[in-house]
Trainee: 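Take this structure, written in structure tokens, and hold onto it; I'll ask about it next.
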Amino acid sequence: MIARQDEPGGREPDGRPDASMSLLADLFAGKHLDPGYAAAAARRAASGGTAPRPRRLRGAGVLLVLALAGALAAVAGVEAHRGEPVAAERRSELVDQIHARTAETDALQHRLDRLRADTERRRAAALARSAEGRRVRRAVAAAGAAAAATPVAGEGLVVALDDAPAAPGRAADTGRVYDQDLQVLVNGLWAAGARAIGVNGQRLTPTTAIRAAGEAIMVDYRPLDGPYEVTALGDAGRLRAAFAGSPADRRLAALRDRFGIRYGTRRSGALRLPAAGAFRPRYAVPRDGGGR
């Protein structure tokens, strides 16, 4: 049972506003300390109030850890500095190998183009000898155009796209042309009615992939460097009218206005695109002879 202050068993109020805090005052005064705390307080008073030795040991341990961390960082920096020339040399070797393999691929592609043109001339001459052959030739020409397997020439639209020029205070990544930008542009030109498209002379096929590998943009697994020139063959007037104001045109114009990416279009009456590289069908396979 809790006694009230005005009862005989209670305490008489002394009128102080902090009378109810007498227990806290006693604790701070050390009157009700646990015997263990009291003994510790007595030892601290007998030693003159100096900090115990374990604290000094902890402080020395922290200094030792900091010194070891600094030494490890210094050693790591020295090793990284020593490895920079080796890394630069290996990087240079890789770049040289890439250029060499690209040159070999270009030479093989030129040879393939010459052989393909010679084959096309011989095939056309053989098919022109009969009416059935001429009909087959027209069908093959239509299929070849749809698969980008034959060269094309004519009028069309040329779209130029390039990174923004360097400017103080502008991050380099904000003014770069990315693979998504080229994808949007190419899809916009297809939607505008282009019958053939190429990027930097690289003919696009129905299965062409435009993607990024590191900082390079690859078209059909071939790295391309900027500036990027996208050629779209078709009726130049209709292409420009259909492409202007399209979602692709608005996106690229916004990138130009906001980040300084260079973007422009022009008409041309004499454009030419080579045939695309040969590719294997992914699902269709030839049947064995004699099949139904």
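This is a predicted model, so every value here is computed, not measured.
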Trainee: For a quick test of reading the model, state the closest non-hydrogen atom pair linking A148 to T205 and the distance between them.
Mentor: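 It is CB-CG2, 4.0 Å.
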Trainee: Would you check if the side chain of D162 reaches a backbone N or O of I261 as a donor-acceptor pair within less than 3.5 Å?
Mentor: no
Trainee: Check whether any side-chain N or O of S246 sits under 3.5 Å from a backbone N or O of F243 as a donor-acceptor pair, and report yes or no.
Mentor: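 Pair found, side chain donor or acceptor close to backbone of F243.
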Trainee: With a 4.0 Å cut-off, would you call R203 and D220 a salt bridge?
Mentor: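 Not counted as a salt bridge, because no side-chain N and carboxylate O are separated by less than 4.0 Å.
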Trainee: Thinking salt bridges, do D118 and R122 make one under a 4.0 Å N-O criterion?
Mentor: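 A salt bridge is present here (some side-chain N lies under 4.0 Å from a carboxylate O).
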Trainee: Is it the case that the side chain of D179 and the backbone of I217 share a donor-acceptor pair, with hydrogens and angles ignored and the cut-off at 3.5 Å?
Mentor: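 No, D179 side chain to I217 backbone: no donor-acceptor pair under 3.5 Å.
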Trainee: With no hydrogens and no angle check, do the side chains of T102 and T105 hold a donor and an acceptor under 3.5 Å apart?
Mentor: no
Trainee: Taking the side chain from R250 and the backbone from G245, do they hold a donor-acceptor pair closer than 3.5 Å?
Mentor: yes
Trainee: Going by an N to O cut-off under 4.0 Å, is there a salt bridge joining D235 and R195?
Mentor: no
Trainee: Checking side chain to side chain contact (heavy atoms under 4.5 Å, CB included) against V230, which of L204, L161, L185 comes through?
Mentor: L185
Trainee: Mind checking whether L233 and V199 sit in one hydrophobic cluster, side chains of I, L, V, M, F, W, Y counted as touching below 4.5 Å?
Mentor: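 No.
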Trainee: Grab the two heavy atoms, one from A232 and one from A194, that are nearest each other, plus how far apart they are.
Mentor: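 Residues A232 and A194, closest heavy atoms: CB-CB, 3.9 Å.
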Trainee: Are W190 and V219 connected into the same hydrophobic cluster when the rule is that any two of I, L, V, M, F, W, Y join if their side-chain heavy atoms are below 4.5 Å apart?
Mentor: yes
Trainee: Do other residues, nucleotides or ligands put more than 12 heavy atoms under 6.0 Å from the CZ atom of R134?
Mentor: yes
Trainee: Whether E120 and R137 form a salt bridge (side-chain N of Lys/Arg under 4.0 Å from carboxylate O of Asp/Glu) is what I want to check.
Mentor: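 Looking at E120 together with R137, the answer is no, because their closest N to O distance does not fall below 4.0 Å.
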Trainee: In terms of side-chain geometry, is the basic nitrogen of E93 or R90 positioned less than 4.0 Å from the acidic oxygen of its partner?
Mentor: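 No, no charged N to carboxylate O under 4.0 Å.
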Trainee: Mind running side chain to side chain contact (heavy atoms under 4.5 Å, CB included) on V159 and R266 for me, showing each step along the way?
Mentor: CA-CA 7 Å; V159 183; R266 61 180 175 85; over 6 Å; no
Trainee: Hey, quick one: are L224 and V158 part of the same hydrophobic cluster, counting side-chain heavy atoms closer than 4.5 Å, chains of contacts allowed?
Mentor: no
Trainee: Which heavy-atom pair separates A149 from A275 by the least distance, and what is that distance?
Mentor: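 That closest heavy-atom pairing would be O-CB, 3.4 Å.
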Trainee: Can you tell me how far apart CZ (R135) and CG (L127) are? Round to the nearest 0.5 Å.
Mentor: 10.5 Å
Trainee: Please determine, by modelled atom types, if Y263 and D249 share a side-chain donor-acceptor pair under 3.5 angstrom.
Mentor: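 Indeed, the side chains of Y263 and D249 share at least one donor-acceptor pair under 3.5 Å.
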Trainee: Nearest heavy-atom pair of Y221 and P223: which atoms, and what distance?
Mentor: O-CD, 4.0 Å
Trainee: With clusters defined by side-chain heavy atoms of hydrophobic residues (ILVMFWY) lying less than 4.5 Å apart, directly or transitively, does F259 cluster with L182?
Mentor: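 Same cluster.
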Trainee: Does one hydrophobic cluster hold both L271 and V152, with members joined at side-chain heavy-atom distances below 4.5 Å?
Mentor: yes
Trainee: Give, for atom CZ of R238 and atom CD of E155, the distance between the pair rounded to the nearest 0.5 Å.
Mentor: 10.0 Å
Trainee: Taking all heavy atoms of G188 and all of A248, pick out the closest pair and write down the distance.
Mentor: CA-CB, 4.0 Å
Trainee: Looking at A236 and G156, what are the two nearest heavy atoms and their distance?
Mentor: CB-O, 3.6 Å
Trainee: May I have the step-by-step check of salt bridge (Lys or Arg N to Asp or Glu O under 4.0 Å) for D96 and R101, ending in yes or no?
Mentor: CA-CA 9 Å; D96 293 341; R101 298 298 181 269; over 6 Å; no
Trainee: Out of R262, R251, R256, which one pairs with D181 under the salt bridge (charged side-chain N to carboxylate O under 4.0 Å, His left out) rule?
Mentor: R251
Trainee: First locate atom CG of L189, then atom CD1 of I197, and finally report the distance between them rounded to the nearest 0.5 Å.
Mentor: 5.0 Å
